[in-house]
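Order of the sequence lines sets the chain letters (A, B, ...), proteins ahead of strands, with each chain counted from 1.
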Number of protein chains: 2
Amino acid sequence: MAKAALAAKAPEERRERILRATIAVVRERGFAGARVTDIAVEAGTSQGLVLYHFGSLAGAFAASLTLLEDEFYEELERNLSEVVGPVPRLRHIAELGAGHGPAVGDWRLWLELWVRAIRDDDARAARESLDTRWRGALRQVVDEGLAAGVFAASDPKASVLRLAALMDGLAIQLALADPGMTTGKFTELWWKSAVLELGISPVNATPGSQGGPKKN
Amino acid sequence: MAKAALAAKAPEERRERILRATIAVVRERGFAGARVTDIAVEAGTSQGLVLYHFGSLAGAFAASLTLLEDEFYEELERNLSEVVGPVPRLRHIAELGAGHGPAVGDWRLWLELWVRAIRDDDARAARESLDTRWRGALRQVVDEGLAAGVFAASDPKASVLRLAALMDGLAIQLALADPGMTTGKFTELWWKSAVLELGISPVNATPGSQGGPKKN
DNA sequence: GCCTAACCTGAATGACCGTTCAAGAACCTC
DNA sequence: GAGGTTCTTGAACGGTCATTCAGGTTAGGC
(Lines give C-alpha, C1' and ligand atoms only; values in the text may rest on other atoms or scores of the structure.)
Protein backbone atom coordinates (compact mmCIF):
# COMPACT_ATOMS: atom_id res chain seq x y z
CA MET A 1 0.00 0.00 0.00
CA ALA A 2 2.68 2.43 1.03
CA LYS A 3 4.72 1.19 -1.85
CA ALA A 4 1.83 1.65 -4.21
CA ALA A 5 1.22 5.21 -3.09
CA LEU A 6 4.87 6.00 -3.51
CA ALA A 7 4.90 4.50 -6.93
CA ALA A 8 1.79 6.32 -8.01
CA LYS A 9 3.44 9.56 -7.15
CA ALA A 10 6.81 8.87 -8.68
CA PRO A 11 5.90 9.66 -12.31
CA GLU A 12 4.20 12.86 -11.26
CA GLU A 13 7.22 13.84 -9.23
CA ARG A 14 9.46 13.15 -12.15
CA ARG A 15 7.29 15.25 -14.37
CA GLU A 16 7.54 18.17 -12.04
CA ARG A 17 11.23 17.68 -11.66
CA ILE A 18 11.52 18.03 -15.42
CA LEU A 19 9.50 21.22 -15.37
CA ARG A 20 11.72 22.72 -12.72
CA ALA A 21 14.75 21.61 -14.66
CA THR A 22 13.33 23.31 -17.73
CA ILE A 23 12.99 26.57 -15.88
CA ALA A 24 16.49 26.22 -14.47
CA VAL A 25 17.99 25.59 -17.89
CA VAL A 26 16.12 28.48 -19.49
CA ARG A 27 17.33 30.70 -16.69
CA GLU A 28 20.86 29.55 -17.36
CA ARG A 29 20.97 29.42 -21.15
CA GLY A 30 17.87 31.20 -22.31
CA PHE A 31 15.08 29.73 -24.40
CA ALA A 32 17.28 29.87 -27.46
CA GLY A 33 20.05 27.88 -25.80
CA ALA A 34 18.01 25.32 -23.89
CA ARG A 35 18.41 21.79 -25.26
CA VAL A 36 16.40 18.71 -24.49
CA THR A 37 19.57 17.06 -23.26
CA ASP A 38 20.30 19.92 -20.87
CA ILE A 39 16.89 19.54 -19.34
CA ALA A 40 17.20 15.77 -19.07
CA VAL A 41 20.58 16.03 -17.38
CA GLU A 42 19.40 18.75 -15.03
CA ALA A 43 16.40 16.64 -14.10
CA GLY A 44 18.47 13.48 -13.82
CA THR A 45 16.49 11.56 -16.43
CA SER A 46 16.59 10.82 -20.14
CA GLN A 47 15.73 12.88 -23.16
CA GLY A 48 13.07 10.35 -23.97
CA LEU A 49 11.14 11.06 -20.82
CA VAL A 50 11.06 14.76 -21.43
CA LEU A 51 9.47 14.13 -24.80
CA TYR A 52 7.22 11.42 -23.41
CA HIS A 53 5.66 13.82 -20.95
CA PHE A 54 5.56 16.98 -22.99
CA GLY A 55 5.63 15.87 -26.59
CA SER A 56 8.26 18.34 -27.68
CA LEU A 57 10.75 20.83 -26.38
CA ALA A 58 8.25 23.59 -27.01
CA GLY A 59 5.72 21.59 -25.03
CA ALA A 60 8.10 21.43 -22.11
CA PHE A 61 8.59 25.17 -22.31
CA ALA A 62 4.87 25.78 -22.35
CA ALA A 63 4.18 23.48 -19.43
CA SER A 64 6.98 25.00 -17.41
CA LEU A 65 5.42 28.41 -17.87
CA THR A 66 2.27 27.44 -16.04
CA LEU A 67 4.34 26.09 -13.17
CA LEU A 68 6.19 29.37 -13.18
CA GLU A 69 2.93 31.27 -13.03
CA ASP A 70 1.63 29.27 -10.11
CA GLU A 71 4.80 29.59 -8.12
CA PHE A 72 5.10 33.27 -8.84
CA TYR A 73 1.62 33.92 -7.60
CA GLU A 74 2.03 31.77 -4.53
CA GLU A 75 5.27 33.40 -3.62
CA LEU A 76 3.93 36.86 -4.16
CA GLU A 77 1.04 36.18 -1.83
CA ARG A 78 3.30 34.73 0.81
CA ASN A 79 5.67 37.60 0.48
CA LEU A 80 3.10 40.32 0.81
CA SER A 81 1.30 38.65 3.67
CA GLU A 82 4.47 38.89 5.71
CA VAL A 83 4.09 42.61 6.06
CA VAL A 84 1.16 44.63 7.35
CA GLY A 85 0.04 48.13 6.43
CA PRO A 86 0.13 49.92 3.09
CA VAL A 87 3.38 51.83 3.53
CA PRO A 88 5.50 48.92 4.75
CA ARG A 89 3.95 46.75 2.09
CA LEU A 90 4.81 49.18 -0.62
CA ARG A 91 8.29 49.42 0.76
CA HIS A 92 8.44 45.66 0.76
CA ILE A 93 7.52 45.66 -2.90
CA ALA A 94 10.30 48.12 -3.56
CA GLU A 95 12.69 45.65 -2.00
CA LEU A 96 11.14 42.64 -3.70
CA GLY A 97 12.55 43.63 -7.02
CA ALA A 98 16.01 43.70 -5.60
CA GLY A 99 16.19 39.98 -5.39
CA HIS A 100 14.07 38.69 -2.53
CA GLY A 101 12.39 35.52 -3.60
CA PRO A 102 13.68 33.40 -6.46
CA ALA A 103 10.70 33.71 -8.74
CA VAL A 104 10.04 37.38 -8.38
CA GLY A 105 13.56 38.63 -8.42
CA ASP A 106 14.60 36.60 -11.37
CA TRP A 107 14.85 39.35 -13.86
CA ARG A 108 16.84 37.57 -16.51
CA LEU A 109 14.18 34.96 -16.74
CA TRP A 110 11.71 37.79 -17.15
CA LEU A 111 13.64 39.21 -20.09
CA GLU A 112 13.69 35.80 -21.69
CA LEU A 113 9.96 35.52 -21.24
CA TRP A 114 9.35 38.91 -22.80
CA VAL A 115 11.31 38.08 -25.89
CA ARG A 116 9.73 34.69 -26.24
CA ALA A 117 6.34 36.33 -25.87
CA ILE A 118 6.98 38.24 -29.08
CA ARG A 119 6.57 35.08 -31.12
CA ASP A 120 5.18 32.35 -28.86
CA ASP A 121 1.54 32.40 -27.84
CA ASP A 122 1.98 30.39 -24.66
CA ALA A 123 4.69 32.73 -23.50
CA ARG A 124 2.57 35.70 -24.44
CA ALA A 125 -0.35 34.43 -22.39
CA ALA A 126 1.87 33.57 -19.44
CA ARG A 127 3.58 36.92 -19.43
CA GLU A 128 0.28 38.71 -19.66
CA SER A 129 -1.20 36.76 -16.83
CA LEU A 130 1.89 37.22 -14.70
CA ASP A 131 1.86 40.92 -15.33
CA THR A 132 -1.82 41.27 -14.60
CA ARG A 133 -1.42 39.51 -11.29
CA TRP A 134 1.56 41.58 -10.42
CA ARG A 135 -0.21 44.83 -11.20
CA GLY A 136 -3.25 43.57 -9.31
CA ALA A 137 -1.17 43.01 -6.21
CA LEU A 138 0.31 46.45 -6.52
CA ARG A 139 -3.12 47.89 -7.07
CA GLN A 140 -4.38 46.23 -3.95
CA VAL A 141 -1.66 47.83 -1.86
CA VAL A 142 -2.37 51.19 -3.44
CA ASP A 143 -6.07 50.88 -2.70
CA GLU A 144 -5.32 49.99 0.89
CA GLY A 145 -3.23 53.08 1.24
CA LEU A 146 -5.84 55.21 -0.42
CA ALA A 147 -8.49 53.90 1.93
CA ALA A 148 -6.24 54.50 4.92
CA GLY A 149 -5.57 58.02 3.74
CA VAL A 150 -1.80 57.61 3.58
CA PHE A 151 -1.66 57.57 -0.23
CA ALA A 152 -3.11 60.06 -2.66
CA ALA A 153 -3.61 59.39 -6.34
CA SER A 154 -5.93 61.08 -8.79
CA ASP A 155 -5.68 58.15 -11.17
CA PRO A 156 -4.68 55.00 -9.27
CA LYS A 157 -4.79 52.81 -12.33
CA ALA A 158 -2.32 54.99 -14.16
CA SER A 159 -0.13 55.21 -11.08
CA VAL A 160 0.01 51.45 -10.80
CA LEU A 161 0.80 51.11 -14.48
CA ARG A 162 3.64 53.57 -14.16
CA LEU A 163 5.07 52.04 -11.03
CA ALA A 164 4.92 48.56 -12.52
CA ALA A 165 6.55 49.74 -15.74
CA LEU A 166 9.23 51.60 -13.84
CA MET A 167 10.10 48.45 -12.01
CA ASP A 168 10.44 46.55 -15.26
CA GLY A 169 12.61 49.26 -16.70
CA LEU A 170 14.89 49.34 -13.71
CA ALA A 171 14.94 45.57 -13.73
CA ILE A 172 16.47 45.56 -17.19
CA GLN A 173 19.45 47.46 -15.93
CA LEU A 174 19.71 45.24 -12.91
CA ALA A 175 19.47 42.12 -15.03
CA LEU A 176 22.14 43.37 -17.40
CA ALA A 177 24.31 44.59 -14.56
CA ASP A 178 24.40 48.11 -15.93
CA PRO A 179 27.33 49.92 -14.37
CA GLY A 180 25.93 52.11 -11.67
CA MET A 181 22.86 50.01 -11.05
CA THR A 182 22.71 48.05 -7.84
CA THR A 183 19.95 46.42 -5.87
CA GLY A 184 20.15 49.28 -3.39
CA LYS A 185 19.79 51.87 -6.10
CA PHE A 186 17.00 49.92 -7.67
CA THR A 187 15.04 49.99 -4.43
CA GLU A 188 15.64 53.62 -3.71
CA LEU A 189 14.89 54.85 -7.20
CA TRP A 190 11.65 53.00 -7.28
CA TRP A 191 10.70 53.99 -3.78
CA LYS A 192 11.28 57.64 -4.52
CA SER A 193 8.96 57.41 -7.49
CA ALA A 194 6.33 55.66 -5.43
CA VAL A 195 6.54 58.37 -2.80
CA LEU A 196 6.18 61.02 -5.47
CA GLU A 197 3.48 59.20 -7.37
CA LEU A 198 1.36 58.38 -4.33
CA GLY A 199 1.98 61.57 -2.40
CA ILE A 200 3.33 59.74 0.61
CA SER A 201 4.22 62.21 3.33
CA PRO A 202 7.86 62.38 4.44
CA VAL A 203 6.90 61.17 7.90
CA ASN A 204 5.74 57.88 6.46
CA ALA A 205 8.21 57.77 3.66
CA THR A 206 11.27 57.05 5.76
CA PRO A 207 12.20 53.44 5.19
CA GLY A 208 13.23 52.91 8.79
CA SER A 209 10.00 54.20 10.24
CA GLN A 210 8.19 50.88 10.16
CA GLY A 211 10.68 48.24 9.19
CA GLY A 212 13.73 47.11 11.05
CA PRO A 213 16.86 49.23 11.11
CA LYS A 214 18.17 49.51 7.60
CA LYS A 215 20.90 51.32 5.82
CA ASN A 216 20.37 52.07 2.16
CA MET B 1 37.29 56.78 -63.76
CA ALA B 2 33.65 57.01 -62.91
CA LYS B 3 33.45 53.32 -63.43
CA ALA B 4 36.43 52.77 -61.14
CA ALA B 5 34.92 54.87 -58.38
CA LEU B 6 31.66 53.02 -58.72
CA ALA B 7 33.41 49.71 -58.64
CA ALA B 8 35.51 50.60 -55.65
CA LYS B 9 32.36 51.39 -53.79
CA ALA B 10 30.36 48.36 -54.81
CA PRO B 11 31.81 45.88 -52.30
CA GLU B 12 31.42 48.38 -49.49
CA GLU B 13 27.84 49.00 -50.49
CA ARG B 14 27.20 45.33 -50.52
CA ARG B 15 28.70 44.96 -47.09
CA GLU B 16 26.44 47.61 -45.72
CA ARG B 17 23.46 46.10 -47.45
CA ILE B 18 24.20 42.88 -45.63
CA LEU B 19 24.38 44.68 -42.30
CA ARG B 20 21.04 46.32 -42.89
CA ALA B 21 19.62 42.99 -43.94
CA THR B 22 20.94 41.47 -40.72
CA ILE B 23 19.14 44.06 -38.66
CA ALA B 24 15.98 43.57 -40.67
CA VAL B 25 16.06 39.82 -40.19
CA VAL B 26 16.75 40.09 -36.47
CA ARG B 27 13.85 42.49 -36.18
CA GLU B 28 11.67 40.01 -37.98
CA ARG B 29 12.79 36.71 -36.49
CA GLY B 30 14.89 37.62 -33.50
CA PHE B 31 18.53 36.71 -32.96
CA ALA B 32 17.56 33.15 -32.24
CA GLY B 33 15.68 32.77 -35.49
CA ALA B 34 17.97 34.65 -37.84
CA ARG B 35 19.68 32.37 -40.38
CA VAL B 36 22.55 33.12 -42.68
CA THR B 37 20.29 32.28 -45.59
CA ASP B 38 17.64 34.74 -44.44
CA ILE B 39 20.21 37.50 -44.34
CA ALA B 40 21.61 36.59 -47.74
CA VAL B 41 18.17 36.54 -49.31
CA GLU B 42 17.17 39.80 -47.65
CA ALA B 43 20.38 41.41 -48.90
CA GLY B 44 20.02 39.88 -52.33
CA THR B 45 23.33 38.03 -52.21
CA SER B 46 24.71 34.64 -51.29
CA GLN B 47 25.39 33.00 -47.95
CA GLY B 48 29.01 32.86 -48.95
CA LEU B 49 29.34 36.61 -49.08
CA VAL B 50 27.88 37.10 -45.65
CA LEU B 51 30.54 34.78 -44.24
CA TYR B 52 33.22 36.27 -46.46
CA HIS B 53 32.68 39.70 -45.00
CA PHE B 54 31.95 38.86 -41.40
CA GLY B 55 33.48 35.47 -40.81
CA SER B 56 30.48 34.02 -39.05
CA LEU B 57 26.86 34.64 -38.27
CA ALA B 58 27.86 36.01 -34.89
CA GLY B 59 30.29 38.30 -36.65
CA ALA B 60 27.50 39.67 -38.81
CA PHE B 61 25.41 40.24 -35.69
CA ALA B 62 28.23 42.08 -33.99
CA ALA B 63 28.98 44.25 -36.99
CA SER B 64 25.34 45.11 -37.45
CA LEU B 65 25.20 46.34 -33.88
CA THR B 66 27.69 49.08 -34.51
CA LEU B 67 25.71 50.19 -37.53
CA LEU B 68 22.64 50.21 -35.34
CA GLU B 69 24.43 52.33 -32.77
CA ASP B 70 25.52 54.89 -35.31
CA GLU B 71 22.13 55.20 -36.88
CA PHE B 72 20.39 55.41 -33.57
CA TYR B 73 22.59 58.24 -32.46
CA GLU B 74 22.31 60.08 -35.74
CA GLU B 75 18.58 59.78 -35.78
CA LEU B 76 18.25 60.84 -32.18
CA GLU B 77 20.26 63.97 -32.87
CA ARG B 78 18.24 64.79 -35.94
CA ASN B 79 15.02 64.18 -34.11
CA LEU B 80 15.81 66.36 -31.15
CA SER B 81 17.21 69.17 -33.24
CA GLU B 82 13.83 69.50 -34.90
CA VAL B 83 12.31 70.96 -31.81
CA VAL B 84 13.40 73.94 -29.73
CA GLY B 85 12.99 74.60 -26.04
CA PRO B 86 13.11 72.19 -23.10
CA VAL B 87 9.40 71.57 -22.67
CA PRO B 88 8.60 70.89 -26.32
CA ARG B 89 11.72 68.77 -26.53
CA LEU B 90 10.73 66.70 -23.57
CA ARG B 91 7.29 66.34 -25.04
CA HIS B 92 8.90 65.27 -28.27
CA ILE B 93 10.78 62.60 -26.39
CA ALA B 94 7.54 61.41 -24.90
CA GLU B 95 6.22 60.98 -28.41
CA LEU B 96 9.40 59.45 -29.74
CA GLY B 97 8.81 56.24 -27.90
CA ALA B 98 5.44 55.88 -29.51
CA GLY B 99 6.95 54.97 -32.82
CA HIS B 100 8.40 58.04 -34.47
CA GLY B 101 11.60 57.10 -36.19
CA PRO B 102 12.40 53.55 -37.18
CA ALA B 103 15.43 53.03 -34.98
CA VAL B 104 14.19 54.60 -31.82
CA GLY B 105 10.68 53.27 -31.86
CA ASP B 106 11.69 49.76 -32.63
CA TRP B 107 11.00 48.27 -29.31
CA ARG B 108 10.99 44.63 -30.27
CA LEU B 109 14.48 44.99 -31.55
CA TRP B 110 15.36 46.54 -28.22
CA LEU B 111 14.01 43.53 -26.35
CA GLU B 112 16.05 41.25 -28.55
CA LEU B 113 19.13 43.27 -27.82
CA TRP B 114 18.54 43.14 -24.10
CA VAL B 115 18.27 39.39 -24.05
CA ARG B 116 21.27 38.93 -26.29
CA ALA B 117 23.20 41.26 -24.00
CA ILE B 118 22.77 38.75 -21.20
CA ARG B 119 25.21 36.37 -22.87
CA ASP B 120 26.93 38.18 -25.72
CA ASP B 121 29.61 40.74 -25.00
CA ASP B 122 29.20 42.70 -28.20
CA ALA B 123 25.51 43.06 -27.57
CA ARG B 124 26.18 44.02 -24.00
CA ALA B 125 28.56 46.77 -25.05
CA ALA B 126 26.19 48.01 -27.76
CA ARG B 127 23.24 48.12 -25.45
CA GLU B 128 25.20 49.92 -22.80
CA SER B 129 26.47 52.50 -25.23
CA LEU B 130 23.03 52.97 -26.70
CA ASP B 131 21.54 53.44 -23.28
CA THR B 132 24.21 55.85 -22.17
CA ARG B 133 23.66 58.00 -25.21
CA TRP B 134 19.96 57.91 -24.75
CA ARG B 135 20.17 58.93 -21.12
CA GLY B 136 22.69 61.59 -22.08
CA ALA B 137 20.24 63.10 -24.53
CA LEU B 138 17.53 63.07 -21.93
CA ARG B 139 19.90 64.57 -19.41
CA GLN B 140 20.73 67.37 -21.79
CA VAL B 141 17.10 68.30 -22.18
CA VAL B 142 16.63 68.18 -18.43
CA ASP B 143 19.61 70.43 -17.86
CA GLU B 144 18.30 72.88 -20.40
CA GLY B 145 15.00 73.03 -18.58
CA LEU B 146 16.72 73.37 -15.25
CA ALA B 147 18.81 76.25 -16.56
CA ALA B 148 15.75 77.92 -18.03
CA GLY B 149 13.93 77.52 -14.74
CA VAL B 150 11.01 75.54 -16.20
CA PHE B 151 12.09 72.25 -14.63
CA ALA B 152 12.89 71.53 -11.00
CA ALA B 153 14.76 68.45 -9.83
CA SER B 154 16.67 67.88 -6.63
CA ASP B 155 18.54 64.99 -8.18
CA PRO B 156 18.58 65.30 -11.96
CA LYS B 157 20.62 62.20 -12.46
CA ALA B 158 18.12 60.07 -10.59
CA SER B 159 15.25 61.73 -12.42
CA VAL B 160 16.80 60.91 -15.76
CA LEU B 161 17.43 57.35 -14.70
CA ARG B 162 13.84 56.94 -13.64
CA LEU B 163 12.38 58.54 -16.73
CA ALA B 164 14.59 56.44 -18.98
CA ALA B 165 13.69 53.26 -17.11
CA LEU B 166 10.01 54.11 -17.17
CA MET B 167 10.17 54.44 -20.91
CA ASP B 168 11.78 51.01 -21.21
CA GLY B 169 9.16 49.51 -18.98
CA LEU B 170 6.30 51.02 -20.91
CA ALA B 171 8.02 49.98 -24.11
CA ILE B 172 7.81 46.35 -23.10
CA GLN B 173 4.07 46.55 -22.96
CA LEU B 174 3.95 48.38 -26.22
CA ALA B 175 6.25 45.87 -27.87
CA LEU B 176 4.17 42.97 -26.62
CA ALA B 177 0.92 44.69 -27.49
CA ASP B 178 -0.35 44.40 -23.94
CA PRO B 179 -4.11 44.86 -23.99
CA GLY B 180 -4.77 48.38 -22.87
CA MET B 181 -1.44 49.76 -23.96
CA THR B 182 -1.42 52.03 -26.96
CA THR B 183 1.01 54.53 -28.33
CA GLY B 184 -1.23 57.31 -27.06
CA LYS B 185 -1.30 55.87 -23.58
CA PHE B 186 2.40 55.31 -23.68
CA THR B 187 3.01 58.97 -24.41
CA GLU B 188 0.60 60.27 -21.83
CA LEU B 189 1.75 57.97 -19.05
CA TRP B 190 5.33 58.92 -19.58
CA TRP B 191 4.58 62.59 -19.96
CA LYS B 192 2.62 62.66 -16.74
CA SER B 193 5.58 61.14 -14.94
CA ALA B 194 7.94 63.65 -16.48
CA VAL B 195 5.70 66.49 -15.39
CA LEU B 196 5.62 65.10 -11.88
CA GLU B 197 9.28 64.26 -11.76
CA LEU B 198 10.48 67.59 -13.10
CA GLY B 199 7.91 69.78 -11.44
CA ILE B 200 6.69 71.23 -14.71
CA SER B 201 3.97 73.77 -14.07
CA PRO B 202 0.54 73.07 -15.54
CA VAL B 203 0.82 76.12 -17.75
CA ASN B 204 3.74 74.58 -19.56
CA ALA B 205 2.63 71.02 -19.20
CA THR B 206 -0.29 71.21 -21.63
CA PRO B 207 0.75 69.34 -24.73
CA GLY B 208 -1.00 71.72 -27.05
CA SER B 209 0.67 74.80 -25.61
CA GLN B 210 3.69 74.63 -27.88
CA GLY B 211 3.02 71.93 -30.42
CA GLY B 212 0.25 71.76 -32.98
CA PRO B 213 -3.32 70.93 -31.97
CA LYS B 214 -3.41 67.41 -30.64
CA LYS B 215 -5.97 65.13 -29.15
CA ASN B 216 -4.72 62.47 -26.84
C1' DG C 1 46.23 43.09 -72.37
C1' DC C 2 48.20 40.01 -68.35
C1' DC C 3 48.49 39.30 -63.11
C1' DT C 4 47.12 39.50 -58.71
C1' DA C 5 44.11 40.32 -55.28
C1' DA C 6 39.76 41.24 -53.79
C1' DC C 7 34.95 39.68 -54.39
C1' DC C 8 31.45 36.52 -55.02
C1' DT C 9 28.87 32.18 -55.66
C1' DG C 10 26.38 28.02 -54.46
C1' DA C 11 27.17 23.25 -53.77
C1' DA C 12 29.31 20.03 -50.41
C1' DT C 13 30.41 19.03 -45.64
C1' DG C 14 29.67 17.87 -41.15
C1' DA C 15 27.97 18.83 -36.61
C1' DC C 16 24.30 19.39 -33.83
C1' DC C 17 19.90 18.36 -31.95
C1' DG C 18 14.83 17.42 -31.90
C1' DT C 19 12.15 13.60 -32.45
C1' DT C 20 11.11 8.62 -33.16
C1' DC C 21 11.37 4.04 -31.84
C1' DA C 22 12.08 -0.55 -30.07
C1' DA C 23 12.77 -2.57 -26.00
C1' DG C 24 12.34 -3.13 -21.26
C1' DA C 25 10.95 -1.97 -16.23
C1' DA C 26 7.46 -0.93 -12.97
C1' DC C 27 3.21 -1.44 -11.28
C1' DC C 28 -1.76 -1.77 -11.11
C1' DT C 29 -5.94 -4.74 -11.94
C1' DC C 30 -8.34 -8.71 -11.73
C1' DG D 1 0.56 -13.98 -10.77
C1' DA D 2 -0.88 -12.95 -15.74
C1' DG D 3 -1.94 -9.29 -18.62
C1' DG D 4 -1.99 -4.76 -19.82
C1' DT D 5 -0.99 -0.06 -19.14
C1' DT D 6 2.04 3.45 -17.92
C1' DC D 7 6.78 4.90 -17.56
C1' DT D 8 11.49 5.04 -18.83
C1' DT D 9 15.58 4.49 -21.42
C1' DG D 10 19.15 5.44 -24.89
C1' DA D 11 20.30 4.42 -29.49
C1' DA D 12 19.17 5.58 -34.27
C1' DC D 13 17.22 8.79 -37.65
C1' DG D 14 16.74 12.76 -40.32
C1' DG D 15 16.55 17.58 -40.98
C1' DT D 16 18.43 21.88 -40.48
C1' DC D 17 21.91 24.91 -40.48
C1' DA D 18 26.71 27.28 -40.06
C1' DT D 19 30.78 26.90 -42.23
C1' DT D 20 34.14 25.36 -45.85
C1' DC D 21 35.66 25.10 -50.34
C1' DA D 22 36.71 24.94 -55.18
C1' DG D 23 35.93 27.53 -58.65
C1' DG D 24 34.52 31.82 -60.97
C1' DT D 25 34.27 36.95 -61.85
C1' DT D 26 35.82 41.62 -61.59
C1' DA D 27 38.88 45.28 -61.58
C1' DG D 28 43.07 47.86 -60.78
C1' DG D 29 48.12 48.02 -61.44
C1' DC D 30 51.64 47.55 -64.73
Taking the basic N atoms (NZ, or NE/NH1/NH2) and the acidic carboxylate oxygens, is any pair closer than 4.0 Å for B:E188 and B:K192?
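Looking at B:K192 together with B:E188, the answer is no, because their closest N to O distance does not fall below 4.0 Å.
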Verify the contact: side-chain N or O of A:R14 to OP1 or OP2 of D:dT8, cut-off strictly under 4.0 Å; return yes or no.
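The answer is yes; a side-chain N or O of A:R14 sits under 4.0 Å from OP1 or OP2.
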Hey, does the side chain of A:H53 come within less than 4.0 Å of D:dT6's phosphate (OP1/OP2), counting only N and O?
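Looking at the OP1 and OP2 atoms of D:dT6, neither is under 4.0 Å from any side-chain N or O of A:H53.
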Among D:dT9, C:dT19, D:dT19, which is the nearest nucleotide to the side chain of A:L57?
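From the listed options, C:dT19 comes nearest.
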Of all of residues 45-52 of chain A, which get a heavy atom below 4.0 angstrom from DNA chain C, listed by number?
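Result for residues 45-52 of chain A: A:Q47, A:L51, sorted by number.
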Let me check something: any side-chain donor-acceptor pairs from residues 80-87 of chain B under 3.5 Å, sequence neighbours excluded? List them with distances.
residue : atom : partner : partner atom : Å
B:S81   : OG   : B:E77   : O            : 3.3
B:S81   : OG   : B:R78   : O            : 2.8

Which residues pass the ring-ring contact (aromatic ring centres under 6.0 Å, His included) test with [X], sequence neighbours left out?
| X | value |
| --- | --- |
| B:Y52 | none |
| B:F31 | B:F61 |
| A:Y73 | none |

Rounding to a whole Å, what distance do you find between [X]:[atom1] and [N]:[atom2]?
| X | N | atom1 | atom2 | result |
| --- | --- | --- | --- | --- |
| B:E12 | C:dA6 | CD | P | 15 Å |
| A:E13 | D:dT6 | CD | C1' | 16 Å |
| B:F54 | D:dT19 | CZ | P | 14 Å |

Which residues pass the side chain to side chain donor-acceptor pair (under 3.5 Å) test with A:E74, not counting sequence neighbours?
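With sequence neighbours excluded, A:E74 shows a side chain to side chain donor-acceptor pair (under 3.5 Å) to no residue whatsoever.
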Output all residues satisfying side chain to side chain contact (heavy atoms under 4.5 Å, CB included) with B:D70, sequence neighbours left out; order by chain, then residue number.
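Side chain to side chain contact (heavy atoms under 4.5 Å, CB included) check on B:D70 returns nothing, list empty.
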For residues 30-44 of chain A, which residues have at least one heavy atom under 4.0 Å from DNA chain D?
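The stretch gives none, as no residue of it lies under 4.0 Å from the strand.
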Please, which pairs that meet side chain to side chain donor-acceptor pair (under 3.5 Å) have at least one residue in residues 32-46 of chain B, sequence neighbours excluded?
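Passing the test, one end in residues 32-46 of chain B: B:R29-B:D38, B:T37-B:Q47.
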